[in-house]
> 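Please read through the structure below; I'll follow up with questions.
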Amino acid sequence: MNNIKWISGLILLIGLMGFGIPTKPQYAIAIHGGAGVILKANLSAGMEKAYRHMLDSALTVGEKVLASGGSSMDAVEKVIRIMEDCPLFNAGKGAVYSHDGYNDLDAAVMDGSNLMAGAVAGVRNVKNPITLARRVMTNSPHVMLSGKGATEFAREQGLEIVDSSYFFTERRWKDLQNAIAREKENKFGTVGCVAMDKAGNLAAGTSTGGMTNKKWNRIGDTPIIGAGTYASNKSCAVSGTGHGEFFIRYTVAREIAALMEYKGMSVQKAAEEVIINRLKPAGGEGGIIAVDKDGNIALVFNSPGMYRGAADSNGRHEIAIFGDK
Ligand code: ASP
C-alpha cells in the first residue's frame with residue numbers, strides 16, 4: 001500500500017514537472033542589500049562585481065543552511081551577519097553616519113512560526129546587531145531595546161562589543177560630509193533576508209545604519225515590527241529597504257501579509273499593491289523581499305535598483321542589481 005502511494009506520488013511529480021507546473025520548493029530564500037538610485041552608469045565595473053560577488057556568497061551560505069535542514073531563523077541570522085561584516089552595505093561595518101558622526105545601528109528579526117520578534121535601535125558598539133536582535137527575542141521578555149541599554153544587554157549576553165572606530169569607512173564618512181553640505185538625508189544599502197525552511201517555517205531579518213546625516217536619534221522602519229520587518233507562517237516573511245518614514249506610516253511589511261491573509265492575494269500581487277500602487281504615488285521610495293509559506297519569492301521595488309538575490313531547492317539561484325537584472 002505504501003509502495004503504491006509512493007509510486008503514484010512520484011508519477012504525479014514527474015507529470016507536474018513535465019507540464020511545467022512549478023512544484024513547491026522544500027526551502028526558499030531571498031536577500032537584499034538596499035534599494036535606491038542604483039544605476040549602471042553610476043556603478044563602476046569593479047564595484048558591480050564586488051556587490052554581485054558578496055550577494056552571491058551570502059545567498060549561497062543561506063542556501064546551505066536550509067539545504068542541510070537548518071532553520072529559516074538560522075539562515076537569516078547567518079546571511080545578515082555576513083552582510084553586516086562587509087563594508088559594501090549600510091549595516092554593521094559599512095553603516096552610514098548620523099549627523100553627529102556616529103554609526104547608530106538598527107536591526108530586527110521575526111519568527112513566523114510563533115510571531116516572536118526582537119529588535120534593537122540606535123546601537124553604537126555591537127559588532128552584529130542582527131544577533132543582538134535575535135537575543136532580544138529569545139533571551140529577554142521584550143521586543144525592542146535601544147541605545148546604551150541594548151549595548152548593556154549585548155555585554156551580558158557575551159556578544160562581541162567593538163570600539164565605535166570599528167565602523168569607520170572612508171566612503172561613508174565622505175557621504176556624510178556631502179550630505180551635510182547639501183543639507184540632505186540619504187539612504188542606501190540596508191540589508192535583509194527572508195527564508196522558508198524545510199519544516200515550512202518562515203523568518204525575516206533586517207539590519208541597517210539608517211539614513212546618512214540622520215538627526216535627533218532618528219529611528220527608521222528597520223527595527224519596527226510590521227514596518228520594515230515581519231513574518232508569519234500564515235502569510236509571508238518580509239524585509240524592506242527604502243525611505244523608512246514611509247515604511248512606518250504605511251506599515252509596509254504587515255500590510256503585505258494582511259493583503260495575503262484577508263484578501264487571498266499572492267505574495268507578488270500583495271507586494272506590488274503596497275510598493276507600486278500605494279507607496280510610489282505617495283513618494284515613498286524603496287522595495288521589499290518576501291517569501292510565502294509555499295516558497296514563492298517576491299522581489300519588488302519602486303526605485304531604479306535594489307541589490308537582491310533569490311534561491312530555492314528547485315534550482316533557482318539569481319543575483320540582480322538594476323531594474324532589469
Ligand atoms: N529603511 C532604512 C531606514 O529608513 C534605510 C534603507 O533601507 O536604506 O532607516
Side-chain angles (χ1 to χ4, degrees), residues 30-36 38 47 50-51 53-55 57-59 61-62 75-98 102-110 118-136 146 150-151 154 159-162 164 166-173 175-176 185-194 203-214 218-224 227-229 238-244 247 253 286-289 306-309 321:
I31 61 173
H32 72 72
I38 308 164
M47 280 297 261
Y51 272 109
H53 172 75
M54 269 318 296
L55 288 167
S57 27
L59 186 65
V61 165
V76 163
E77 183 188 354
K78 219 168 173 180
V79 165
I80 293 183
R81 279 181 70 103
I82 292 171
M83 295 173 93
E84 282 177 340
D85 291 345
C86 169
L88 288 175
F89 302 104
N90 172 18
K93 175 85 185 161
V96 299
Y97 282 93
S98 69
Y102 293 106
N103 306 97
D104 284 329
L105 312 173
D106 304 336
V109 293
M110 186 158 183
V120 293
V123 165
R124 290 182 179 168
N125 299 93
V126 179
K127 185 167 176 252
N128 292 106
I130 199 70
T131 297
L132 181 56
R134 188 173 180 182
R135 292 293 178 92
V136 172
S146 71
T151 307
L159 301 191
E160 193 169 349
I161 306 292
V162 290
S164 51
Y166 164 79
F167 297 106
F168 174 83
T169 55
E170 185 83 34
R171 175 187 176 199
R172 301 302 190 192
W173 185 251
D175 285 348
L176 173 63
E185 274 186 340
N186 281 334
K187 60 205 175 293
F188 246 129
T190 291
V191 306
C193 179
V194 293
T206 317
S207 181
T208 190
M211 291 171 92
T212 307
N213 200 23
K214 62 187 181 184
R218 176 262 188 195
I219 294 166
D221 59 311
T222 298
I224 297 180
T229 309
V238 183
S239 171
T241 171
H243 196 150
F247 278 66
I288 61 94
I289 53 168
M306 180 168 83
Y307 298 105
R308 61 200 186 276
I321 299 178

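These values consider heavy atoms only, across backbone and side chains, with no hydrogens, waters or symmetry-generated copies.
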> Looking only at atom types and distance, does a side-chain atom of Lys78 sit under 3.5 Å from a main-chain N or O of Ala58, one as donor and one as acceptor?
no

> Run the side chain to side chain contact (heavy atoms under 4.5 Å, CB included) test on Val61 and Ile82 for me, step by step, so that the C-alpha distance in whole Å, both residues' side-chain angles and the decisive distance to 0.1 Å come before the verdict.
CA-CA 9 Å; Val61 165; Ile82 292 171; 3.6 Å; yes

> Rounded to the nearest 0.5 Å, how far apart are CG of Leu55 and OH of Tyr307?
8.5 Å

> According to the interplanar angle, ranging from 0 to 90°, do the rings of Trp173 and Phe168 count as parallel (below 30°), tilted (30 to 60°) or perpendicular (above 60°)?
tilted

> What is the distance from atom OG1 of Thr190 to atom CE of Met211, rounded to the nearest 0.5 Å?
9.5 Å

> Can you tell me how far apart CG (Asn90) and CZ (Arg172) are? Round to the nearest 0.5 Å.
5.0 Å

> So, Asp221 side chain and His243 main chain: donor-acceptor pair closer than 3.5 Å or not?
no

> Considering residues at least two apart in sequence or located in another chain, which fulfil the side-chain contact (heavy atoms from CB on, under 4.5 Å) criterion with Ala253?
Tyr230, Val238

> Does the Lys NZ or Arg CZ of Lys93 fall within the cation-pi geometry relative to Tyr166 - under 6.0 Å from the ring centre and within 45° of the axis?
yes

> Tell me the closest heavy-atom pair linking Gly62 and Ala75, and the distance in Å.
O-CB, 4.0 Å

> For residues Ser207 and Ile80, report the shortest heavy-atom separation together with the two atoms involved.
CB-CG2, 3.7 Å

> Centre of Tyr102's six-membered ring, under 6.0 Å away, within 45 degrees of the axis: is that where NZ or CZ of Arg124 sits?
yes

> Who are the side-chain hydrogen bond (donor to acceptor under 3.5 Å, both in side chains) partners of Thr222, not counting sequence neighbours?
none

> Going by the rule ring-ring contact (aromatic ring centres under 6.0 Å, His included), which residues pair with Phe247 if we only count those two or more places apart in sequence or in a different chain?
none

> Any donor and acceptor pair, going by atom type alone, linking the side chain of Asp104 with main-chain N or O of Val123 inside 3.5 Å?
no

> If I compare all heavy atoms of Lys214 with all of Gly209, which pair ends up nearest, and what's the gap?
NZ-O, 2.7 Å

> Is a donor on one side and an acceptor on the other found under 3.5 Å between the side chain of Lys127 and the backbone of Gly92?
no

> Going by distance alone, is a donor N or O of one side chain under 3.5 Å from an acceptor N or O of the other, for Asn128 and Asp85?
yes

> Kindly compute the distance separating CD1 (Ile224) from OG1 (Thr206), expressed to the nearest 0.5 Å.
11.5 Å

> Taking only residues two or more places apart in sequence or in another chain, which ones pass salt bridge (Lys or Arg N to Asp or Glu O under 4.0 Å) with Arg81?
none

> Main chain of Ser98, side chain of Asn103: is a donor-acceptor contact present, judged purely on distance under 3.5 Å?
no

> Do Thr229 and Ser239 meet the criterion of a side-chain donor-acceptor pair at a distance under 3.5 Å?
no

> Evaluate the side-chain proximity of Ile288 to Thr241: yes if any heavy-atom separation is below 4.5 Å, no if none is.
no

> To the nearest 0.5 Å, how far apart are CG in Asp175 and OG1 in Thr212?
5.5 Å

> My understanding is that only residues two or more places apart in sequence, or in another chain, count here; which of them pass side-chain hydrogen bond (donor to acceptor under 3.5 Å, both in side chains) with Arg308?
none

> Minimum heavy-atom separation for Cys86 and Met54, please, with both atom names.
SG-CG, 3.5 Å

> If every non-hydrogen atom of Val76 is compared with every non-hydrogen atom of Ala204, which pair is closest and at what distance?
CG1-C, 3.9 Å

> State, with a plain yes or no, whether a side-chain heavy atom of Ile130 is found less than 4.5 Å away from one of Val109.
yes

> In Å, rounded to the nearest 0.5 Å, how long is the span from CG of Leu88 to NE2 of His53?
10.0 Å

> Would you say the rings of Tyr97 and Phe167 are close, in the sense that their centroids are separated by under 6.0 Å?
no

> Before giving the answer on side chain to side chain contact (heavy atoms under 4.5 Å, CB included), spell out for Val136 and Val120 the whole-Å C-alpha distance, their side-chain angles and the decisive distance to 0.1 Å.
CA-CA 8 Å; Val136 172; Val120 293; 3.9 Å; yes

> Using the test side-chain contact (heavy atoms from CB on, under 4.5 Å), find all partners of Ser164 that sit at least two apart in sequence or belong to another chain.
Asn125

> Got a donor-acceptor contact below 3.5 angstrom from the Glu77 side chain to the Arg134 backbone?
no

